[in-house]
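What's counted below: heavy atoms across the whole structure, side chains too, no hydrogens, waters or symmetry copies.
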Amino acid sequence: MRAWVVEGSGAPGEVLRLTDRAAPDPREGTFQMKVGAVGVGLPDVFMCRGVYPLGPSEGSFTPGQEVCGTVVEAGDGVDLDPGQRVMAVTSFQTGDGGFAELCLGLGGSAFTVPDSMDDAAAAGFLIPYHTAWIGLVRRGGLKAAETLLVLGAAGGTGAAACSLGAALGARVIGVAGGPERCETAAGFGAHQTVDHREGDIAAAVMELTDGQGVDVVYDPVGGDAYTSASRCVARDARLVIIGFASGEWAPVNVRHMVQRNYSVVGAIPARYSREERLDDHHQLSALWDAGSLASVVSATYSFEELPEAMTALESRHVVGRVVLEMRA
């Protein structure tokens, strides 16, 4: 099969190689799948650069975390049938990720694809929307009519939070960089936007909320953006930490947290049971079928264009979720 392999550490265009390699055999708890489309995210860029904590620790490997495709063969302990169409998280930690014609999916992360969802949309759905659900519903306790602040609102993860937050009845304020990205965030569901390039995030948010602040912050960015967001929260607010797209985790100030009476929580889908994840997916699929959720995929590339896709993502030349399609 053809597969992209990372050799060494560095910029994606320098360390990615398109090669022929043996297809991975399914191990216990995994299944082999034919890839229809695969999402491209910042964690894949970080894996190329050798700074992603969950990536393979040594040797060459194939990244690519999120895929949509069809089951070829199931390993022991996996209840999937050949030909079944699923979205799944891959076994990227063992180097058998989705930037290949065949990959290994994790049996516990495979979910059915709604009939109305194409491969590209499905390849950009699982991680952004399941993460948004865990962050907003399970960890953030977001309620209808509350105010939600989404950092990185034009990125794939932030866009899903904007869309889901709006679907849940919240007032959504999206933070993005530049007029085009703010417009994109609005298209994904943000009712109001803040351009962080135009000034202080906290001051703008406090003005938009008439000095009340926000109830929930969804933070896939970290760094200075988190610090600004922590200064515009209402009493009893919940700041949900998702990731560190800025390159720096949120610098949580415990003293400030206590003095301002807000909570900081982390969120990751992997810590939930299969039954809980299936219930989450059922509710998300129902929202999709009802037309309440938007696809966060805004750019598609061919399989051969992976280095270009990663470069565009890292340089922030694209917004929303980036997907590779296995085009004929």
Side-chain angles (χ1 to χ4, degrees), residues 3-6 12 15-16 24 26-27 29-57 60-69 71 86-111 113 119-135 152 155-161 220 242-245 267-272 277 280-281 284 295-297 299-301 303 305-307 309-310 312-314 318 320-326:
W4 286 97
V5 173
V6 175
V15 299
L16 281 165
R27 301 182 298 273
T30 70
F31 63 99
Q32 187 189 81
M33 67 184 302
K34 181 180 180 181
V35 178
V38 52
V40 185
L42 281 175
D44 299 306
V45 175
F46 295 152
M47 275 187 264
C48 288
R49 292 191 174 276
V51 295
Y52 190 62
L54 300 179
S57 59
S60 61
F61 62 92
T62 296
Q65 291 184 311
E66 181 179 13
V67 295
C68 174
V71 177
V86 297
M87 59 177 81
V89 174
T90 70
S91 185
F92 67 92
Q93 289 180 291
T94 63
D96 300 307
F99 299 141
E101 292 175 323
L102 295 166
C103 74
L104 291 186
L106 301 177
S109 75
F111 299 90
V113 181
D119 284 356
F125 186 88
L126 176 55
I127 291 178
Y129 271 110
H130 276 234
T131 303
W133 185 275
I134 297 298
T157 302
I242 303 298
F244 59 110
I268 185 170
R271 304 301 298 177
Y272 288 85
R277 296 291 305 281
D280 294 347
H281 188 70
L284 285 166
S295 171
V296 299
V297 175
T300 59
Y301 291 78
F303 180 69
E305 295 174 319
L306 177 59
M310 280 198 175
L313 180 68
E314 187 174 26
V318 294
R321 195 78 160 114
V322 178
V323 166
L324 295 187
E325 290 186 293
M326 304 297 288

Open item on the list: Any non-hydrogen side-chain atom of Asp280 less than 4.5 Å from a side-chain atom of Ile134?
Closed with: yes
Open item on the list: Taking the side chain as everything from C-beta on, heavy atoms only, tell me whether Met310 gets closer than 4.5 Å to Asp44.
Closed with: yes
Open item on the list: When you compare the side chain of Met47 with that of Gln65, does any pair of heavy atoms fall below 4.5 Å?
Closed with: yes
Task: Centroid-centroid under 6.0 Å between Phe111 and His130 rings - done: yes
TODO: For residues Phe244 and Tyr52, establish whether the separation of their ring centroids is below 6.0 Å.
DONE: no
Open item on the list: For a 4.5 angstrom cut-off between non-hydrogen side-chain atoms, does Phe31 reach Leu104?
Closed with: no
- [ ] Check whether any side-chain heavy atom of Arg271 lies under 4.5 Å from a side-chain heavy atom of Ile268, and answer yes or no.
- [x] yes
Task: Where Cys103 and Val35 come nearest, the two heavy atoms and their spacing - done: SG-CG2, 3.8 Å
Open item on the list: Do Pro269 and Arg277 make a side-chain contact, defined as non-hydrogen atoms from C-beta onward lying under 4.5 Å apart?
Closed with: yes
TODO: State, to 0.1 Å, how close Gly64 and Val38 come at their nearest heavy-atom pair, and which atoms those are.
DONE: CA-CG2, 4.4 Å
- [ ] Answer whether the closest heavy-atom distance between the side chains of Cys68 and Val86 falls below 4.5 Å.
- [x] no
Task: Nearest atoms (heavy-atom pairs only) where Ala299 meets Val318 - done: CB-CG1, 4.3 Å
Open item on the list: Taking the basic N atoms (NZ, or NE/NH1/NH2) and the acidic carboxylate oxygens, is any pair closer than 4.0 Å for Arg27 and Asp96?
Closed with: yes
Open item on the list: Do Thr30 and Leu106 make a side-chain contact, defined as non-hydrogen atoms from C-beta onward lying under 4.5 Å apart?
Closed with: yes
Task: Sole candidate of Thr157, Val296, Thr300 that passes side chain to side chain contact (heavy atoms under 4.5 Å, CB included) when paired with Arg321 - done: Val296
Task: Nearest non-hydrogen partners of Gly124 and Glu66, listed with the distance - done: C-OE2, 3.7 Å
